[in-house]
Number of protein chains: 2
Amino acid sequence: MELNPTAYVILGMLAWRPMSGYDVKAIADQSTRFFWATSYGQIYPELRRLAAAGLVAAEPQEGGGRGRKAYKLTDDGARVLREWLAQPPRPLEMRDEALLKVFFAGSAPETAVGALEGKRRELEAKLAQLRTLESSGKPTGHTAVVLRYGIELSEWMVAWCEREAKRLREEGAP
Amino acid sequence: MELNPTAYVILGMLAWRPMSGYDVKAIADQSTRFFWATSYGQIYPELRRLAAAGLVAAEPQEGGGRGRKAYKLTDDGARVLREWLAQPPRPLEMRDEALLKVFFAGSAPETAVGALEGKRRELEAKLAQLRTLESSGKPTGHTAVVLRYGIELSEWMVAWCEREAKRLREEGAP
DNA sequence: ATAAACATGTAACATGTTACATGATTAT
DNA sequence: ATAATCATGTAACATGTTACATGTTTAT
């Protein structure tokens, strides 16, 4: 059973508790989005495919929610999720436009510091969100480990951007 | 003139010297691939589009290479490249499957250390390549700055993977 | 001769984003 | 009533990967 990574985001969350596509998106936006983003355009079709494959099952909707469809993980789904977890992870993909700009800054050297500062600003914004999340106390266990990674890595990157921007400003073109 | 990032990889390299799609790929595989990968399937069609838009121009092929088509940057291409460099960079996209596995490791806690070790091994391999590149002495100026980023960031990540794997092994489930 | 490296290109597929359309429920 | 939020879904588009097809040049 070969699934795309987004499918595993869904399976992973359903392993916590039954939920709807809307819930998956809301939780992803507060957590996995920092290292694996998703959108409704992926989640809803994927939930259908997973249901067709028998890895998730629509929960009988109890009174109230009309349009709402909650799904739960099936035994097969849980097995597929565990198999994926045991597999060596695929190589990290990075798409860092700021780095690309610094790399090619030879064509306009005065722009390099701006690219570094843009990256730093973006990281500070991300850091603020991650710290809010951390002080909420909600992430525990493995999710908290990943949150700490996000915070510490971002801090390292911010420091690097500051250091290199300073160096470039002082030394001029490297 | 809105172009995709891959187009700027091409323009950036042509700003160094005229070259073919094959050259762009070979150089990207030794440099930008660590923060922006490309493939022939993108490069050749993109070169055509850039030529159609007048941002690059096929060089008159001198004796020898038959099929070989070298392109050079036009004045318009150079202007578009500089405009892009001056623009604030788009947010960083990360797709880190190893982190996803740690995040969802609650469903199979014994797999978390394996995901961390997989990530560490991949990083060590990347580090070896980056260090070889560094000791070649070829990257200078802004490209060397980005290379140092790759090396130092990877070292930080390796240390983090080791530290957390150790913690998980000692403390058991977090 | 033949293998390796050089070189270009396309088609099928996978993945992901954005914008739009639609309607129900809940709080003010 | 009405605005906000909850909720589902699709279509068009953008981007990117992989596998394949094809031929040339250079070194052994």
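Protein chains get the first letters and strands the later ones, always in sequence-line order, with residue 1 at the start of each. Note that this is a predicted model, so its numbers are computed, not measured.
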- Query: Quick one: does A:Trp160's side chain get under 4.5 Å of A:Leu116's, heavy atoms only?
  - Reply: yes

Of the listed nucleotides ([options]), which one gets closest to any side-chain atom of [X]?
X: B:Trp36; options: D:dG9, D:dT17, D:dG16; result: D:dG16
X: B:Ser20; options: D:dT10, C:dT8, D:dT17; result: C:dT8
X: A:Ser39; options: D:dT8, C:dT17, D:dT10; result: C:dT17
X: B:Tyr44; options: D:dT8, C:dG9, D:dG16; result: C:dG9

- If you measure from CD on B:Glu83 to OG1 on A:Thr111, what distance do you get to the nearest 0.5 Å? 12.5 Å

- Message: Which is more 5' along DNA chain C, the nucleotide nearest B:Arg95 or the one nearest B:Asp23? Just name the residue.
- Response: B:Asp23

- Note on the structure: Nearest-nucleotide check on DNA chain C, B:Tyr40 vs A:Ala37; residue mapping nearer the 5' end is B:Tyr40

- Message: Without decimals, in angstroms, what is the distance between B:Tyr71 OH and C:dA7 C1'?
- Response: 12 Å

- Check the side chains of B:Thr6 and B:Glu46 for a donor-acceptor pair under 3.5 angstrom, ignoring hydrogens and angles. no

- Message: Please confirm whether the shortest side-chain N or O distance from B:Tyr22 to OP1 or OP2 of C:dT8 is below 4.0 Å.
- Response: no

- Query: Between B:Arg169, B:Lys166, B:Lys101, which is the residue that forms a salt bridge (Lys or Arg N to Asp or Glu O under 4.0 Å) with B:Glu117?
  - Reply: B:Arg169

